[in-house]
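We count residues from 1, following the sequence as given. Treat the numbers as computed from the prediction; the structure is a model and nothing was measured. Counting starts at 1 for both ligands and their atoms, in listed order.
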Amino acid sequence: MSKPELAQHDPDFSSALRTRVGPEGWKKWFTSVRHEVVEETLYLVAPSDFHIRWLRTNYQTTIDEVAAATFGPQTVIEYLITDRPDVTEEPSPAPDRLGDRAPEEAPATNRNQAPAHPPKFLSKYVFDTFVAGQSNQLALAAAKRVSEGPGQNYNPLFIYGGAGLGKTHLLHAIGHYTRTHLPTATVRYMTSENFFNEFVDGIRTRRMDSFKHRYRTIDVLLLDDIQFFEGKEQVLEEVFHTFNTLHELGHQMVLSCDRPPKDLGIADRLRSRFQWGLLADIGPPDLETRLAILRRNATDYASTPVPDEVLEFIARHVTDNIRELEGALTRVTACAALTDQKISVELARSELRGLIPDPATTPPSGPEILEVTAATYGHDLADLQGPSRVQPLATHRQIAMYLCRELTDLSLPKIGKVLGGRDHTTVMHGINKIKKLLTKDPELARQISHLSGILWKR
Ligand code: ADP
Ligand code: MG
């Protein structure tokens, strides 16, 4: 056996990740996450969709980097939900908790006959959770048609559209549906990257026959993100043959791509094949669809009710990527929960500031910051600018310094000037003190987030 076919885990990955995310982040978000490495895919198994989305929103880059450093740059990361019987087709060795030590040996299983990547469908990605809208109605209708009679309607079904618009969701939904209604059919979802990796492995291990056979016996092939094949002539040749065989056999193919075939840099004969069936595009969702998606997410995943005006605020501002739309909601609800605040438009605005380009909102000025800080804590403006160092006045003055630094482009000497003519070292000291306090004082974090919310809203 030239390569492991067992799921493996790696204590190095855990400890490197732990170092990167720090003890707090680790405790909160990673102790309940397990990992499993199957060939070049790293599966992260988390307890809920919510958890997965949190990891994606807040730790994706870190996870990517640690995975690439531990397992190699070609590593593909996939997320799964714990203990969902519909997630894996075959029993696989229990993946270890990220925090656990490695057992002496991975348990032996007989997976020799199994495909290297058993089909996996995320449980959330079904037709029921897919919100219909004008921008996706053709793709959705076609996906349903194909599920009801694979190989009989549009072959291939070619779904294209920008990132985060629901292509993968639809492919999984087709997988779920056909798996449920045609239990004997072989249904296989895979990313084009995985297809490519298997192809390369087939060549390397001189097992192209088994590679070819494996694909040609698939009744429904769901191939995601085929733009990945651009410029990879050899594998395109194989895609071409696979395509022809499956098509002749009347087996269904569903392809997804971030652009239409005409814009793909591939040989004409393959491009024209891709257009044999139906081309269905998914566009950016309109406001109504965005709102419907958020409502659904809010009811299904948020632990506390989210006021409608907050959903609307998010829907109005995050417009062209549903993944970001969902991420924005996760961020706001998680921030509210972690800092014990009410979910409000104010909070959403301050949490999503980086995400929302809003030319109408100009950053507050130094004097405005001073004014709001004074009013919030019940001081006179003159006291904040004055010499007294009594507490809590002195700390509130330092909060104003910190906010000036965070929210404006003012230099340290200029901030000093706003605060009644203090020199820049005093300002720097004040800012550093608040930064330090923030790492251990959630109440202070809440107050500062509240203040910056007010300041941005003006
Ligand atoms: P793509 O593959 O096009 O980049 P995904 O299928 O990964 O996008 O979708 C991104 C996220 O948005 C997923 O969580 C998916 O469930 C969600 N999503 C996309 N379109 C819809 C929709 N119409 N209704 C509900 N959720 C959607
Ligand atoms: Mg996708």
Side-chain angles (χ1 to χ4, degrees), residues 41 44 46 48-58 60 64 76-81 84 86-87 119-144 147 157-177 189-196 221-229 254-260 279-302 311 314-315 318-331 333 355:
T41 303
L44 292 176
S48 65
D49 276 324
F50 178 85
H51 203 114
I52 291 175
R53 279 189 288 134
W54 179 269
L55 295 179
R56 277 188 197 276
T57 311
N58 295 283
Q60 191 61 60
D64 283 344
V76 179
I77 295 170
E78 288 198 24
Y79 291 88
L80 298 171
I81 297 169
R84 300 300 290 239
D86 57 342
V87 162
K120 300 189 184 227
F121 302 119
L122 284 185
S123 56
K124 183 207 157 199
Y125 290 0
V126 290
F127 285 126
D128 273 353
T129 58
F130 194 85
V131 174
Q134 217 181 354
S135 52
N136 59 35
Q137 67 187 13
L138 175 63
L140 176 60
K144 285 185 169 166
S147 308
L157 169 60
F158 190 104
I159 298 175
Y160 67 92
L165 295 181
K167 302 181 297 291
T168 300
H169 188 138
L170 280 182
L171 259 55
H172 278 248
I174 296 171
H176 273 293
Y177 190 98
Y189 163 88
M190 65 191 322
T191 63
S192 296
E193 198 166 349
N194 278 345
F195 183 96
F196 175 76
L221 176 62
L222 309 162
L223 195 54
D224 210 354
D225 290 320
I226 63 159
Q227 70 275 2
F228 182 82
F229 293 136
V254 183
L255 312 169
S256 91
C257 189
D258 68 357
R259 64 201 97 143
L279 299 183
D281 72 315
I282 306 189
D286 54 21
L287 177 64
E288 203 183 320
T289 312
R290 298 199 298 276
L291 206 48
I293 292 171
L294 286 177
R295 288 212 174 99
R296 179 151 216 140
N297 274 274
T299 352
D300 290 355
Y301 306 114
L311 297 179
I314 299 173
V318 186
T319 54
D320 48 13
N321 182 324
I322 296 172
R323 191 174 298 119
E324 283 175 8
L325 186 73
E326 294 180 331
L329 177 64
T330 307
R331 213 162 127 172
T333 50
L355 223 74

Nearest 0.5 Å, what's the [atom1]-[atom2] distance between [X] and [Y]?
X	Y	atom1	atom2	answer
Y125	L171	OH	CG	11.5 Å
I322	I293	CD1	CD1	3.5 Å
F158	L223	CZ	CG	10.0 Å
I159	L165	CD1	CG	12.0 Å

Requested in this report: Quick one, list the residues around ligand 1 where some non-hydrogen atom comes in under 4.0 Å, by chain and residue number.
Outcome: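 Ligand 1 pocket, heavy atoms under 4.0 Å: K124, Y125, T129, F130, V131, N136, G162, A163, G164, L165, G166, K167, T168, H169, I293, I322, R323, E326.
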Query raised in the report: Which residues satisfy the side chain to side chain contact (heavy atoms under 4.5 Å, CB included) test with D300, sequence neighbours excluded?
Result: R296
Query raised in the report: Which atoms of the protein, restricted to N, O or S, are nearer than 2.8 Å to the Mg ion (ligand 2)?
Result: T168 OG1
Query raised in the report: Could you give all pairs that pass the side-chain hydrogen bond (donor to acceptor under 3.5 Å, both in side chains) test and reach residues 129-143, with sequence neighbours left out?
Result: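 Sorted result for residues 129-143: T129-H169.
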**Report entry** Qualifying residue, where the test is salt bridge (charged side-chain N to carboxylate O under 4.0 Å, His left out) with E326 and the options are R56, R295, K124
**Finding:** K124
Query raised in the report: Is there side-chain contact between E193 and D225, with at least one heavy-atom pair below 4.5 Å?
Result: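 Answer no - side chains too far apart.
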Query raised in the report: Hey, mind stepping through Y189 and T168 against side-chain contact (heavy atoms from CB on, under 4.5 Å) and telling me if it holds?
Result: CA-CA 10 Å; Y189 163 88; T168 300; 3.6 Å; yes
